[in-house]
Amino acid sequence: MQSKGIRELNLDRKILLIYMTISLAVVAASFFMYNAVSRIHSAKQQMETFQNINEALASSIRIIDNKVNSVYTQISVDPLISSWISAPIGSETDYYVLGEIQKKFLGIQQFYPEIASFYLYNSVEDKVLATNYMISSKAEFPNGSVLQQFQESGEKTILYYREHEKEADTPAVLSYVTNVPAYSDKGILVINLKVASLLSVFPDQGQGIVLLDTDNRVLAHSDAASFQTFLSRKDLILESLIHKQSFRTDSHFYYASDKPSAIGLKIIFILPESKVHQRPSVGYIAAILLICACMIYYSFRLIKRGYSKPLDYYRSNLSTNMDELRHVAVSSLLSGKQSYSLLKPKLVELGLELNAPHYAVVVLQIDDFFKHLLSTSQQDRFYTNKLIFNTVKWMFMIDQGISVVQSEFEKIGILIPVESGDDWNEQMIQVERTIQYIQKEVKDNFQLTVCAALSDSCDGIEQVHLAYDQCLRTLQYKTIYGKEAIIHYRNLPSGGVSLNQYPLESVNRMSEQLKTGDLQGLSEELERTFSLIIAADSFSPDLIHAVSSNLMYAFVKVILEFRYEIGDIFHEDLFITLYSLEDLKDKEVYILNVCERIIAYRNKKEASTGNKTLRLIMDYIHQHFDTDLSLTMLADELKMNATYLSTLIKNELGIGFLDYVNDLRINKAVILLKETSLTVQEISEQCGYLTVHSFIRNFKKKHSHTPSEYRHVHASERM
């Protein structure tokens, strides 16, 4: 026992180690992947930020370019400067002019602080006028090298960088050298720009700055370390920046402005990689991994605890759950969700050996069960459902081999083994007694009704789903047999429903009876109609529903013909209420109730003060319709205008005078055809028709048969 405990302990440790290793590897990989993606995204954002900043700063350099060009333009067109530069050889120097030029230079310097000084060289007189030196010859001028370099270059303009030449405190300048005037080489103008002022437009973003001329010669730089890195790979960097704006090498990013400035300046920005890629510290990574390890360990403990408890519970309660597992298996078998061949191994494992030669199925349906449960508390719902199911289960499972399952919400299925078909005939007697007892118990305790359906016996367990389907189809006939009926599948009518079974004439007859207010005749006709349908060789609940719906439609049509508002008579949906009634007797009662309410509403309307005249008219029509009655005769008799009389009848009855009289005559003719042996001619005369042809035409229009054909059909039905 002790060695077993040690093995289980070692197994737990191994599982823990494997779990932690895999989880830690997954977490670490996820962390580093996330970190790498974040760094790339951050670097991209950083580069875009620096590029936007540097583009803005490059625009500032271009502004200085414009200032230099503006200054040069002012000087080149100045008449004093032009007169001094263009003076002929041998002319005396006009120091007043030089003084004015000097004042102009100093004024420009004050306006443009970026300019350190001006040199103006007159090659004819070989004299240099500078804002920071006395006038002298080129040979004696301290910074004459810049003039010498320009003359030797042969260019129109050059840029030249000088830190200091003669004096140590002279600031580093960037000299812009060009001819003045532009079309002549007699004069040279040097505009010295302060390098510090140029670089001051760049705030300290941790980047280095290198200024180049158009020939890629270095003019100035801001950071010595970055500049040395640039010089070590200058050719590679410049070649790469020709094709793209940014380039990375030697742990630095290099970014070039999109085009040179107007005076030939090109700007290279140097950004250390550390400013773009910020690497997480080792301590930060270690802390993350430690937290992940702790979370993995405790999550393993929780998972192990959550896994072990359900497993132990399953092992300890497996035997008590066998009934539930059997219930699910038999339900799947009855409903046909799974075939017996697939379920057989599971059934054997659960101890169900369904090997009888025949089987029968009984299905009990509890009516209005869902509505009943909704009216009870949540706790009572479970109790009620369990108690009803257990009542059925205990009553049927007294016999060995019977299985009881709740196949659907309101249905309980019973699988009964049968040795032979004859045995099932004998067993049905006992089964019916058991069902009757269950029906009584459920009704007494829960006020619910139970309808039962019994299938035929089927060959083998493989066919039980067909027997279950028979029961479901049988339960549909509770509309006819009642909510507490015990219905056998073998007793259902065979064959399909014939169109001749549809009682169209009865529906029309009941519609006419409703118009005349004959509630008693309508009730008798309704009962006779449904009795004839059920007595036929083949019928179905669908036919009952169809006849009921069409009958209700005919009654609604009568309401509309009377020009009444349905909402004034009924405060419900007639068709939904009718369809919800499953029992045939309930349908009959509801249909008669609807007719009674329509007749009562009509009588109320006719009894009002405005309808006393109509009642007088109706009484006269009903007394004389079977005579030679016309609208003119009626108007003369009642001393009324014929047009007014016609409009009143149409508005109040929803039907014209002639149509109403004709309906009364045809209804009387139907009774005479059924109950007497009078000839068609005699019936025509007794109903008020002047000619037999008029009678036959009107009769066929209403009943789709001639009077003779109608009498023959009715006689055949009675036989």
His488 versus Met428: any side-chain heavy-atom pair under 4.5 Å?
yes
Residue set satisfying ring-ring contact (aromatic ring centres under 6.0 Å, His included) with Tyr553, at least two apart, ordered chain then number -> none
Taken in chain and number order and not counting sequence neighbours, the residues that satisfy salt bridge (charged side-chain N to carboxylate O under 4.0 Å, His left out) with Asp459 are none
Quick note, salt bridge (Lys or Arg N to Asp or Glu O under 4.0 Å) partners involving residues 443-454, not counting sequence neighbours, are Lys440-Asp444, Lys443-Glu484
Hits for salt bridge (charged side-chain N to carboxylate O under 4.0 Å, His left out) against Glu408, two or more places apart or cross-chain, chain-then-number order -> Lys411
Just checking Lys668: does its NZ atom have more than 12 heavy atoms from other residues, nucleotides or ligands closer to it than 6.0 angstrom? yes
(Q) Can you classify the ring geometry of His703 versus Tyr710 as parallel (below 30°), tilted (30 to 60°) or perpendicular (above 60°)? (A) tilted
Self-check item: Parallel, tilted or perpendicular, as decided by the 30° and 60° cut-offs, for the rings of Tyr481 and Tyr477
Solution: tilted
Practice prompt. Return yes when atom CD of Glu572 has more than 12 non-hydrogen atoms of other residues, nucleotides or ligands closer than 6.0 Å, and no otherwise.
Written response: yes
For the side chain of Asn445 and the backbone of Glu441, is there at least one donor-acceptor N/O pair under 3.5 Å apart? yes
Considering only heavy atoms from C-beta outward, does the side chain of Val464 approach that of Cys458 to under 4.5 Å? yes
Check: Crowded around Gln436 CD? As in, over 12 foreign heavy atoms under 6.0 Å?
Finding: yes
Salt bridge (Lys or Arg N to Asp or Glu O under 4.0 Å) pairs touching residues 689-710, sequence neighbours excluded, are Glu512-Lys702, Asp663-Lys702
Residue set satisfying salt bridge (charged side-chain N to carboxylate O under 4.0 Å, His left out) with Arg433, at least two apart, ordered chain then number -> none
